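Since the structure comes first, as structure tokens, the remarks are kept for the end.
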Amino acid sequence: MFDLERVTAELHRELGAVREERPGVRHAGLVTQLRLAGEVGVRDGRTTIHAEFDAPAPALRMRSELGALHGRGGLRAEVVTGGGATLRYQVRVTAPGTDLARATGLVDRTGRPVLGLPPAVVAAGPAVAAGVWRGALIARGRVVRPAGRVRLVVTCPGPAVVLALVGAARGLGVLAAPQETVSEHRVVVRDPESAEALLRSVGAPGVAEVLSRVPVAPRGATTADGSLQTVNARRAATAAAATTERVRVALRALGDDVAPHLRETALLRLEHPSLSLAELGRLADPPLTKDTVAGRLRRLVRLSGVAGPDDD
């Protein structure tokens, strides 16, 4: 019998055993866990961090990573157990000043929380995207099997985090979809090929192999459609990367001679190179339609004389 809780626990164990040496990737995983499992703030001139897990191992690893990556300057970190119907493991951190909070990228220079994930993490490429998804799966990821089909689900604190994870998945050539229920925001990886590719990218080949052997209930052309969606996701990622480069060249060519509304949209494209046009539009202030975003980027590129195909 396929035990979902056991497979989820094995997923967390396998990901926790990954020994990542690249500081940028480690930072991305840590920041994602903090965003999904806790909060970072500044109070009375001190940085405060709180995160909560349902097992001791990820809590202890987070305390260790915080010390290894940001342990200078009087940081104090502890792991305590919380009561209630289900035992919880809480990471509590305090540090003097605001340097630690800003180093995570989850607090801006004024001390306000950053929506989603830090732009520097979102835009850092496939290696860091794998670190983002590793952190997300450790913090709030689980394996589910509705209607006989195995899926990966990550529960998120809000839609901005959902968009960041969808974009990071696209950067890995993986199809992930937002899902909103009455009680929570989620990111779901439904396609079996995407789920397997994602698990191997983040360092969980054992669980990928287990899931590949789970029989799937027949549902007509679902598997073929899923494969087509995976191909389309990879094509969209390639198109978005090409457009990002054209926008970067266009801004460099035009210099200061760019209308403010075109510059703002171009900067969104550069900060979030993996997101679709519709997702970029939702991040704009005020929000824009997909067609408006596409039109602004095309106009910017035309004005600079940089040629190339349209984005997604």
Side-chain angles (χ1 to χ4, degrees), residues 28 31-32 35-36 39 105-108 112-125 128-129 132-133 135-136 140 152-191 194 198 229 232-248 250-251 258-301 310-312:
V31 166
T32 305
R35 191 69 180 87
L36 270 68
E39 59 182 12
L106 297 175
V107 173
D108 65 18
R112 295 179 300 180
V114 172
L115 294 178
L117 294 175
V121 168
V122 174
V128 172
V132 166
W133 264 94
R140 290 292 183 264
L152 299 175
V153 174
V154 175
T155 302
C156 300
V161 180
V162 170
L163 287 177
L165 290 183
V166 169
R170 180 172 294 171
L172 294 170
V174 169
L175 180 67
Q179 183 182 78
E180 185 175 353
T181 70
V182 175
S183 59
E184 61 187 21
H185 297 272
R186 302 171 178 167
V187 178
V188 183
V189 181
R190 297 184 178 91
D191 171 50
S194 283
L198 177 61
Q229 288 177 328
N232 288 340
R234 290 172 180 155
R235 289 175 178 169
T238 300
T243 299
T244 300
E245 184 57 29
R246 291 198 300 275
V247 168
R248 181 179 291 109
L251 282 178
V258 181
H261 66 292
L262 297 182
R263 182 181 295 277
E264 290 172 4
T265 304
L267 291 177
L268 268 181
R269 175 78 282 175
L270 296 182
E271 291 174 1
H272 305 281
S274 299
L275 296 187
S276 69
L277 295 175
E279 292 160 348
L280 284 179
R282 287 194 286 271
L283 290 179
D285 184 17
L288 304 172
T289 66
K290 172 182 176 179
D291 290 341
T292 300
V293 174
R296 289 185 178 183
L297 295 180
R298 280 196 298 267
R299 184 179 176 190
L300 176 78
V301 171
D310 291 340
D311 196 355
D312 56 338

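Note that the numbering runs from 1 along the sequence shown for the chain. In this text, all values refer to a predicted model and were calculated from it rather than measured experimentally.
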[X] versus [Y]: any side-chain heavy-atom pair under 4.5 Å?
X	Y	value
Val301	Leu297	no
Val293	Leu268	no
Thr265	Val247	no
Arg248	Leu270	yes
Arg296	Leu288	yes

Could you walk me through whether Val161 and Val154 pass side-chain contact (heavy atoms from CB on, under 4.5 Å), step by step?
CA-CA 10 Å; Val161 180; Val154 175; over 6 Å; no

Closer than 3.5 angstrom, by distance alone: can the side chain of [X] be matched with the main-chain N or O of [Y] as a donor-acceptor pair?
X	Y	value
Ser194	Leu175	yes
Arg140	Cys156	no
Arg269	His272	yes

List the residues meeting salt bridge (charged side-chain N to carboxylate O under 4.0 Å, His left out) with Asp108, not counting sequence neighbours, and say none if there are none.
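For Asp108 the salt bridge (charged side-chain N to carboxylate O under 4.0 Å, His left out) partners, ignoring immediate neighbours, are Arg112.
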
What pair of heavy atoms forms the shortest contact from [X] to [Y], and how long is it?
X	Y	result
Leu36	Leu165	CD2-CD1, 4.5 Å
Gly116	Leu106	O-CD2, 4.3 Å
Leu283	Leu163	CD2-CD1, 3.9 Å
Val166	Glu279	CG1-OE2, 3.1 Å
Ala136	Thr32	N-CG2, 3.6 Å
Trp133	Val189	CH2-CG2, 4.2 Å

Report the distance from atom CZ of Arg35 to atom CG of Leu115, rounding to the nearest 0.5 Å.
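One finds 6.5 Å between CZ of Arg35 and CG of Leu115.
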
More than 12 heavy atoms of other residues, nucleotides or ligands under 6.0 Å from CZ of Arg299: is that the case?
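No, CZ of Arg299 has 12 or fewer neighbouring heavy atoms, counting only those of other groups under 6.0 Å.
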
